[in-house]
Amino acid sequence: MTDLATLLEVGGPVAALGGGAAYARARHPGVYWSTVGLPVSTVRLLSSYGSVMEACGLTVAPSRLRVLAVKATTRREVRPVPPRRGIIRPTTTGLRVRLRLAPGQEPADVAASAERLRHAWGVHAVYVTTIKPGVVELRLVGFDVLRQVRMPRKLRPDLLRVPVALREDATPFVRDYRTVPHQLTLGATLSGKSMYLRHLVAGLARQPVALVGIDCKRGVELAPFAPRLSALATDPEQAAELLPVLIREMEDRYDLIKARQNIAPSTPDEEITSDIWGLPENERPMPVVLFVDEVAELFLIATKKDEERRDEMVTQLIRLAQLGRAAGIYLEVCGQRFGAELGKGATMLRAQLTGRVCHRVNDEASAKMALGDIAPEAVSAACAIAPERPGLAVAGDTSGGWSRIRTPYLSLGDAAETCREWAHLAPDLPALKPFRPDVPVQPAETPGPVVRPRPVTD
């Protein structure tokens with residue numbers, strides 16, 4: 001009887017501790033990883049590193065000198081040599097460890113065994129990154145970081161660089177316009193495409209950048225950001241008037257660059273430039289980011305006159321995509337559907353858009369149009385996005401690399417408030433002044449009555 005009472009006294013706290021750990025793992029995976037998962041995975045890695053590497057085929061035969069040394073000092077069996085392991089560095093989402101590959105190994109060998117390593121060490125995922133020749137880094141992710149997205153706190157802001165989402169390996173996905181000047185973003189209704197666009201606008205609103213919008217949904221997506229926009233077109237007719245103005249702005253900037261290239265023999269090499277970033281800061285025009293939402297609306301036609309206007313607008317978009325980067329004009333093209341059947345110029349425009357982000361789409365053809373020409377294996381990943389995970393997307397570029405990302409939640413009110421707060425950064429571009437959206441005056445808050453009425457009762 002005494003033993004049973006003692007067992008119950010000990011079992012109660014143990015059961016409560018186990019229940020608390022299960023709850024934390026389901027509701028607060030970050031807390032569970034820091035308290036339970038991190039120590040357990042570290043012990044597993046340290047205790048089984050050699051045997052796991054040997055089981056995964058990541059070991060090599062020891063050198064002849066090593067064999068002689070082992071036989072001369074001990075009677076142990078000479079075992080194959082795994083990659084040399086560096087210091088284990090814990091993070092809030094997993095572990096990092098660097099491996100120095102043995103002679104004859106390559107990073108692809110380690111990447112091919114990532115799934116085996118994941119199961120052997122009990123983590124959510126394992127990613128392999130090449131640091132330098134002969135050295136790779138294993139990034140062990142302890143839990144699904146895309147289920148509850150929390151962006152890293154230490155992010156260095158920079159001009160035309162906006163962290164908009166989190167990758168599945170727990171690193172931030174940064175939209176860098178200097179590296180990837182133009183991008184195509186696709187997503188069906190309620191897929192999270194608008195959330196992605198909000199993060200871009202809110203991030204760029206804090207920077208000295210001119211923001212221009214074409215929103216053919218009567219402005220419902222971009223109109224809340226009107227205080228920070230330098231120009232806004234809300235239908236195809238206005239877009240047809242705005243695009244030629246941007247073309248002339250681009251040509252003026254090229255004239256400025258050409259004037260700077262009237263090089264004197266004494267001009268230093270560092271002052272010779274072929275884009276606006278080589279100009280002196282006091283002469284450099286402000287970068288322009290053009291957001292095109294619902295791009296399919298620009299391709300739709302109903303009459304012969306609409307067809308002429310459509311062809312002209314598509315030609316102008318293609319020119320901006322081809323020549324705009326050197327002039328500091330960048331494109332962010334968004335839509336629910338994008339395919340060759342939209343009309344002449346669609347495929348040519350897509351070819352100029354280096355970056356691709358594909359949220360959940362309604363058909364495989366749209367996923368192929370976004371990712372098929374750069375990473376065919378990413379098409380199936382985009383088609384497998386569930387409706388229960390809005391904001392989840394597949395991001396890639398023309399280098400062939402791709403990854404899953406997810407955008408954190410940002411309310412429309414918070415994004416609009418950011419644009420109002422930084423409205424003073426909106427540049428005064430005379431050419432775009434006719435297209436500057438009207439900003440409604442915020443009504444002043446009136447204080448409520450001092451004496452409150454008595455509540456109505458039964």
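Quick note: numbers below take in every heavy atom, side chains included, and nothing from hydrogens, waters or symmetry partners. Quick caveat, the model's predicted, so the values are computed rather than measured.
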Minimum heavy-atom separation for [X] to [Y], with atom names?
X	Y	value
M53	P82	CB-CB, 3.8 Å
D215	L222	OD2-N, 3.1 Å
Y127	D169	CD1-CB, 3.4 Å
P224	G219	CD-O, 4.1 Å
L101	P83	CA-CB, 4.4 Å
H359	I385	C-CD1, 4.0 Å

Item to check | Full working for side-chain contact (heavy atoms from CB on, under 4.5 Å) between W402 and L371 | outcome: CA-CA 9 Å; W402 64 277; L371 302 167; 5.8 Å; no

Item to check | Pair R420 + E417: basic N to acidic O under 4.0 Å | outcome: yes

Checklist entry - Does the distance from a Lys or Arg side-chain N to an Asp or Glu carboxylate O, for R89 and E137, drop under 4.0 Å? => result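 Salt bridge: yes.
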
What do you reckon, is [atom1] of [X] surrounded by more than 12 foreign heavy atoms closer than 6.0 Å?
X	atom1	result
E364	CD	no
I131	CD1	yes
M348	CE	no
R100	CZ	no
R325	CZ	no

Is there side-chain contact between [X] and [Y], with heavy atoms separated by less than 4.5 Å?
X	Y	value
N362	R337	no
W33	L95	yes
E168	V141	no
L117	L140	no
L331	Q352	no

Checklist entry - Run the side-chain contact (heavy atoms from CB on, under 4.5 Å) check on R150 and T92 step by step: do they pass? => result CA-CA 11 Å; R150 296 184 182 276; T92 56; over 6 Å; no

Would you say the side-chain atoms of [X] pair up with the backbone N or O of [Y], donor to acceptor, closer than 3.5 Å?
X	Y	result
H199	P408	yes
R360	T189	yes
R406	G391	no
S34	V31	no
T171	R167	no
Q105	L58	yes
E283	P280	no

Checklist outcome for this item: Value for CG (L99) from CG (L138), rounded to nearest 0.5 Å, stands at 4.0 Å

Checklist entry - After noting the C-alpha distance and the side-chain angles of W277 and R178, does the key distance pass the side-chain contact (heavy atoms from CB on, under 4.5 Å) rule? => result CA-CA 10 Å; W277 302 107; R178 297 285 299 274; 3.6 Å; yes

Checklist entry - Taking the six-membered ring of F173 as reference, does the NZ or CZ atom of R175 fall below 6.0 Å from its centre and within a 45° cone about the axis? => result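 That pair does not qualify as a cation-pi contact.
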
Checklist entry - Going through the checks in order, is the side-chain contact (heavy atoms from CB on, under 4.5 Å) test met by Y177 and L204? => result CA-CA 11 Å; Y177 287 91; L204 291 172; 4.0 Å; yes

Item to check | Full working for salt bridge (Lys or Arg N to Asp or Glu O under 4.0 Å) between D414 and R198 | outcome: CA-CA 9 Å; D414 291 342; R198 289 177 198 171; over 6 Å; no

